[in-house]
Amino acid sequence: MKTPTDAAAERLIHLRAAGVSLVLDLRGSGLPTVLHWGADLGDLSQEELSQLAQAVTMPSMPGFDDVVPRVALLPEHGTGWPGQPGLTGHRQGADWSPLFAIDSAETDGLSVRIRAADNTARLGLVLEAGLTPSGLVRMRAAVRNDDTVRPYTLDGLMLALPVPDAATELLDLTGRWCRERAPQRHPFNAGTWLRETRSGRTGPDAALVLTAGTPGFGFGHGEVWGLHIAWSGNHRVLAERLPTGRPVVAAGELLLPGEAVLGPGEQYTGPWLYGSHSGQGLDGLSARFHDHLRARPGHPHRPRPVVLNTWEAVYFDHDLDKLTHLADLGAEVGVERFVLDDGWFRHRRDDRAGLGDWYVDETVWPNGLHPLIDHVRALGMEFGLWVEPEMINPDSDLARAHPEWILATGGRTPADRRSQQVLDLTHPEAYAYILGRLDALLAEYDIAYLKWDHNRELVDAGHSPDGEPAVHRQTLAVYALLDELRARHPGLEIESCASGGGRVDLAILERTDRVWASDCNDALERQSINRWTGLILPPELVGSHIGAARSHTTSRTHDLAFRAGTALFGHLGIEWDLTRASESERAELTRWVSLHKQLRGLLHTGRVVRVDHPDPALWAHGVVSHDLTEAVFALTAVATPVAAHPGTLRLRGLDPDATYHLRPLSLADRAPGMERGTPAWCTKSGISLPGSVLERVGIQIPTLHPEQLILLHLTSCPSTP
Ligand code: DGJ
C-alpha cells in the first residue's frame with residue numbers, strides 16, 4: 001500500500017490491471033489528466049513516465065499562445081477546454097466556472113483518490129479513479145458546497161476519458177419495448193454525439209456502452225474504448241471530437257432543473273462510470289464486464305435454475321388447478337423454479353387496477369398462495385413471485401388512501417401509462433409501506449425469487465407537495481429498498497425487469513441476479529437482443545425463455561430447435577402454456593432442458609465469442625471454457641444468405657495447439673432442412689482438427705434456411721505424450 005505522500009511525490013501515476021494501463025498526470029495543481037488509457041505499457045519508471053508525458057502532451061496552438069487544452073478526468077472550462085465541461089452549475093449566476101486545485105492524492109496501487117477545491121467558488125471535489133481486477137476503469141466524482149451560507153445549484157457532473165485520434169467510429173445501442181439494445185454505428189466526426197435518457201430508468205434505448213474504435217472494429221478485431229454509466233435513472237453519455245483537443249467519451253447523471261441544489265456543506269456523489277478497453281474488438285471489451293460481474297461477491301454461483309414463468313401461459317387468468325397442472329408439466333420437462341407472474345394480488349384482474357395493493361387476492365386465492373407454493377415445492381421446484389413495487393394504479397386502495405404518494409408536479413397528475421403511476425418512494429411512509437408489504441410476503445411464503453418489474457417511465461416525476469423533481473432521489477430509494485430486502489432475506493434472488501429489458505446497468509446489477517432482457521420471446525429477435533445485452537452481461541445473467549411456437553409479441557412461428565437453441569445459452573426459462581403443447585413437443589423440450597443442464601456449467605462460466613461473418617445473414621456465437629478444453633457454438637441464419645454456399649465459419653477463442661473433436665448437436669426429432677446441403681463434417685461422428693486450423697481455415701457452413709440454427713460441440717482431445 002502506498003501512502004498519500006507517495007502519490008503526491010510521484011505525480012505521474014501508472015495503474016495496471018489485466019492488460020490495461022491507465023496513466024494519470026497529476027503534475028501542476030490542476031485536476032488529473034489521462035496520458036494513456038489502453039494497452040498495458042509494462043513496468044515504466046518515473047523517468048519513462050515523464051518521457052511519455054513529453055511524448056503526448058499537446059503544445060500550445062498557434063493563435064492561442066499560452067492555452068493548452070487539458071482533458072482532465074473532469075474537464076474544466078476554466079483551463080481552456082472548449083468542449084463539454086465536467087461540472088456545470090452556479091450560485092445565482094456566480095461560481096459557474098470553477099477551477100480546482102488538488103489538495104491531496106492517495107493511491108493504493110490500483111486506484112487514486114484526489115481531493116481538490118476551488119476556494120473562490122467555494123466548492124470541494126473528490127475524484128476516485130482506478131482499475132478493477134478485470135481491467136475496467138472505474139471512476140466517480142463528488143462535489144461539495146463549501147459555502148457556509150449560500151446554496152449551490154448543481155446542473156451536471158460528468159467525467160471524461162480521452163480516446164486516441166485513431167478511434168474514428170462510434171457504436172452505441174438504442175431500442176424500444178420488444179427490440180431492446182439495437183446497435184447503431186457511425187463515424188466519429190467533429191462535434192458531439194449525445195445520448196440522453198430522461199425516462200427515469202435506464203431505458204430499453206440506453207446507449208449501454210458508448211464505444212469508440214478503430215475503423216471497421218468488430219467482435220474479434222480492432223481496438224475499442226467504451227464507456228458505461230452505472231445508473232438506473234436519467235443520464236447522459238457523449239462522445240466529443242473538437243478541432244482543438246483530444247476526442248473524449250464522457251458520462252454523468254442527467255439532473256433535472258433544481259434536482260441537486262446543495263445547501264451549505266452538502267455533497268452530491270455521481271454514479272460510477274466504467275471504461276472498457278480492448279485490443280481484440282468487442283469480445284474483449286465485453287469480457288472485462290463479464291469478469292467484473294462474475295467477481296461480485298453476490299454473483300450467483302450455483303447452477304441457474306431452469307424457470308417456468310406463467311406470464312405468456314396464463315396472463316391474468318389465475319386458477320389454482322390450471323397453475324398446478326402447469327407446474328406438474330414443468331417439473332416433468334425439468335423445470336427447477338416456478339414463477340407466478342402478474343395477477344395474484346388484490347384487484348389485479350387485468351392491467352388497469354391493483355398495483356400498490358400487495359396482499360394476495362382473497363377472491364382468487366382463498367387460501368393464499370400456500371396451496372400453489374406447497375405444490376410447487378413438493379415437486380422439488382423453487383417458487384418465484386412477480387412484483388412491481390415502484391408503481392401504483394390510481395384504481396387501487398393504496399391510491400385512494402394516499403393520492404399524495406404519486407409522483408407528480410405542476411398541480412396535475414402525469415398522464416397514465418399502462419393505467420399506472422409511479423409511487424413516490426422518497427416519501428418515507430410510502431417507502432415504509434412497500435418495504436413492509438414485501439417483507440411480510442417474503443416472511444409468510446417460501447419465495448426464492450422476485451421478478452421485479454417497472455412498467456412506466458417517470459414523467460413529471462415530482463415530490464409532493466411542491467412537486468420538486470424526484471428522479472435522482474427515487475433512484476436511490478429503489479437501490480435502498482432492494483438492499484434492505486436482500487439484507488433481510490439472504491439468499492433471495494431478484495430479477496431486474498422493466499417492461500422487458502428497460503433496466504440493464506451495472507448499478508441495478510449490484511443488487512439483482514439476472515435481467516429480463518425483453519418481453520419478446522421471438523427467437524429471431526432474441527438473437528439480436530441477447531447478443532447485444534451480452535455487451536456487458538455474461539449469459540447466466542440474461543433471462544432467456546422458450547416461448548410458444550407462435551410468438552405472442554410478433555406472431556412469427558419458429559420450430560422448437562430454433563427457439564430452444566437461442567434460449568439455451570442464457571438463464572434458461574420456459575414461457576409457454578405447456579398444457580397446450582403436444583406430447584412430442586414436451587418430449588423434445590425435456591431433451592433441450594436436459595442439454596442445457598449438461599452444458600450450463602460451461603455456458604455460464606466460459607468466455608463469450610461472437611463471430612464476425614461477412615454475410616450479415618449468418619450469425620455465430622459461442623462460449624469457450626476458460627481452460628479451452630470445451631466449447632459450444634451456435635450458428636444461425638437470421639435472414640436468407642445470399643450465397644448458395646455461404647463460405648466458412650472460423651471458430652475463434654480456441655487453443656491453437658489443441659486438437660478438437662467437433663460435432664453437431666441435434667435434438668430435434670428431425671433436423672429441418674438438413675437433408676440436403678450438408679457438408680461432410682456435419683455428421684454425428686464429426687471431425688477432429690487443431691484449434692489453429694478451425695480459426696484460420698474454418699468449417700464449411702451448411703446451407704441454412706432463415707431461422708434455422710445448428711449447435712456445435714467441441715472438446716479437446718487428450719494430447720498424446
Ligand atoms: C412486463 C414484463 O416484462 C412481462 O414479462 C410481464 O411480467 C408483465 N410486465 C406483467 O405485467
Side-chain angles (χ1 to χ4, degrees), residues 175-181 199-206 232 307-318 323 326 337-358 361 364 383-396 416-423 438 447 449-458 493-504 508 512-523 525-526 529-530 533 537 541-548 551-554 567 570-577:
R176 62 170 173 85
W177 178 70
C178 276
R179 192 74 173 88
E180 292 86 345
R181 287 171 285 288
S199 60
R201 60 183 186 181
T202 322
D205 57 335
S232 315
V307 166
L308 191 153
N309 179 288
T310 60
W311 180 240
E312 289 195 351
V314 301
Y315 292 102
F316 292 100
D317 193 7
H318 286 199
L323 288 166
L326 198 57
R337 176 181 282 166
F338 183 91
V339 179
L340 183 66
D341 210 282
D342 196 356
W344 56 268
F345 47 98
R346 279 185 195 162
H347 312 125
R348 192 65 168 173
R349 303 282 47 84
D350 55 38
D351 66 4
R352 292 191 291 273
L355 290 174
D357 299 342
W358 301 109
D361 191 322
V364 181
F383 182 78
L385 191 65
W386 179 96
V387 290
E388 193 177 5
E390 300 149 76
M391 297 292 155
I392 178 167
N393 281 119
D395 185 0
S396 65
D416 280 353
R417 295 191 179 186
R418 208 190 189 212
S419 308
Q420 66 193 59
Q421 294 289 340
V422 185
L423 182 71
L438 293 173
I447 296 171
Y449 170 85
L450 290 178
K451 174 178 176 180
W452 187 295
D453 210 340
H454 181 287
N455 280 302
R456 71 155 285 163
E457 302 185 332
L458 275 65
E493 291 195 10
I494 302 180
E495 173 178 61
S496 171
C497 169
S499 318
R503 189 149 63 184
V504 176
I508 204 72
T512 52
D513 304 285
R514 82 168 205 170
V515 304
W516 182 225
S518 178
D519 277 355
C520 190
N521 290 317
D522 176 329
E525 302 295 337
R526 273 303 187 105
I529 294 166
N530 288 4
T533 303
L537 295 198
L541 298 182
V542 182
S544 209
H545 292 178
I546 302 170
S551 161
H552 288 211
T553 51
T554 66
H571 182 173
L572 183 69
I574 297 164
E575 197 163 331
W576 177 8
D577 184 355

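Read the numbers this way: they start at 1 and go in the same order the structure lists the ligands and their atoms. What you see below is based on every heavy atom in this structure, not just the backbone, and it leaves out hydrogens, waters and symmetry mates.
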A.B. asks: Compile the protein residues with any heavy atom at a distance under 4.0 Å from an atom of ligand 1; present them by chain, then by number.
C.D. replies: Trp311, Asp341, Asp342, Trp386, Arg418, Lys451, Asp453, Asn455, Cys497, Ser499, Gly500, Trp516, Asp519
A.B. asks: For residues Arg526 and Ser551, is any side-chain donor paired with an opposing acceptor at under 3.5 Å?
C.D. replies: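 Checked: Arg526/Ser551 side chains show no N/O donor-acceptor pair below 3.5 Å.
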A.B. asks: Could you report the tightest heavy-atom contact between Trp386 and Asp453, atom names first, then the distance?
C.D. replies: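 Closest approach of Trp386 to Asp453: NE1-OD2, 2.9 Å.
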A.B. asks: Listed by chain and number, what are the side chain to side chain donor-acceptor pair (under 3.5 Å) partners of Ser199, not counting sequence neighbours?
C.D. replies: none
A.B. asks: Taking only residues two or more places apart in sequence or in another chain, which ones pass side chain to side chain donor-acceptor pair (under 3.5 Å) with Trp311?
C.D. replies: none
A.B. asks: Got a sec, which residues hit side chain to side chain donor-acceptor pair (under 3.5 Å) with Glu525, two or more places apart in sequence or on another chain?
C.D. replies: Arg179, Arg556
A.B. asks: Are the aromatic ring centres of His545 and Trp516 under 6.0 angstrom apart?
C.D. replies: yes
